[in-house]
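Heads up, the thing below is written out as structure tokens.
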Amino acid sequence: MPKVPPLEERYRWLPNAGSTGRYVNRATGRFVSELSVRADLDTYIANKNAGLDALANQLRNREISLADWQLQMRAEMRNMHNAAAMVAKGGREQMTHADWGRTGRELRSQYEYLDKWAAQIANGEAPLDGRFNARAKLYGNAARGTYEQERRAVAADKGNDEEMRILHAKESCNGCKTYSGYWAPIGDLPKLGTQDCTTNCLCTFEYRRSK
């Protein structure tokens, strides 16, 4: 399993800190901000997306078959979604059967999208041009949604009942703007990837107990 910075030796997980648990910097003893954790995850996703881009070029250059590309995409997607879930939960040791099941369900949905795309490539509906590379990276970006969904589940398990969507993109889409800046019952706000910005969404969520 590929390592993500928050899961490496420099961070330690405190499950009872904050609304969803917190990481502590082992060197300084200070809490690591949620935005720093997301930044680490985003860096990991960007690095993995570079691999997806290279894989897309291999298919475009006919260096690999469509079936090989699809299998390798599935493997990379599985690594990225599992890593994102572990970051949100505080490490592999914290993951439960329910956590793996939630991640697996999201992966199956992504696999279905990938299979449909592969079929379109095979019949010529989806051209292997520059848009192909950009679309491949969207599948990597979807790991952010798994991260936020796992954080939402952890927050609910810890007794939180409200959530707020926080904007971070320089120019957020209208959907994200509509659902941001106010508290709502956990689960009422649309999850990442469902608005106009799709998996390019950079929003995060905050949680609290209303009482």
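Fair warning: this is a prediction, and the values are worked out from it, not measured in the lab.
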query: Would a distance-only check, ignoring hydrogens and angles, find a side-chain to backbone donor-acceptor pair under 3.5 Å from Lys158 to Pro15?
result: yes

- prompt: Distance-only, no hydrogens or angles: does the Thr194 side chain make a donor-acceptor pair with backbone N or O of Pro190 under 3.5 Å?
  reply: no

statement: Of all heavy-atom pairs linking Gln94 and Asp99, the shortest is O-OD2, 3.7 Å

- prompt: Does some side-chain heavy atom of Asn25 sit less than 4.5 Å from a side-chain heavy atom of Arg12?
  reply: no

message: side chain to side chain contact (heavy atoms under 4.5 Å, CB included) for Tyr23 and Val87? Distances and angles first, verdict last.
response: CA-CA 10 Å; Tyr23 284 103; Val87 172; 4.3 Å; yes

message: Do Cys197 and Cys176 make a side-chain contact, defined as non-hydrogen atoms from C-beta onward lying under 4.5 Å apart?
response: yes

- prompt: Mind checking whether Asp40 and Val37 have side chains closer than 4.5 Å, heavy atoms only?
  reply: no

query: Judged by atom type as modelled, is there a donor-acceptor pair below 3.5 Å linking the side chain of Glu163 to the main-chain atoms of Leu189?
result: yes

Arg22 side chain vs Leu14 backbone, donor-acceptor pair below 3.5 Å: no

- prompt: Taking atom types as modelled, is there a side-chain donor on His81 or Thr103 under 3.5 Å from an acceptor on the other?
  reply: no

query: Would you find a donor on one side and an acceptor on the other, under 3.5 Å apart, between the side chain of Arg151 and the backbone of Lys89?
result: no

field: Any side-chain donor near an acceptor of the partner, Asn57 and Asn133, under 3.5 Å
entry: yes

- prompt: Quick one: do the Glu76 and Gln72 side chains pair a donor with an acceptor below 3.5 Å?
  reply: no

Arg74 charged N/C atom sitting above Tyr111 aromatic ring, 6.0 Å / 45°: yes

field: Sidechain-backbone polar pair: Arg38 side chain, Cys203 backbone, donor-acceptor under 3.5 Å
entry: yes

message: Taking the cut-offs as 6.0 angstrom to the six-membered ring centre and 45 degrees off its axis, would you call Arg152 and Phe205 a cation-pi pair?
response: yes

- request: With the side chain counted from C-beta on, respond yes when Val24 and Arg30 share a heavy-atom pair under 4.5 Å apart, and no when they do not.
  value: no

- request: Indicate yes or no for a side-chain donor-acceptor contact from Asn61 to the backbone of Glu63 under 3.5 Å, with no hydrogens or angles considered.
  value: no

- prompt: Are Tyr11 and Phe31 joined in one hydrophobic group, where the rule is that I, L, V, M, F, W and Y side chains link up if heavy atoms are under 4.5 Å apart?
  reply: no

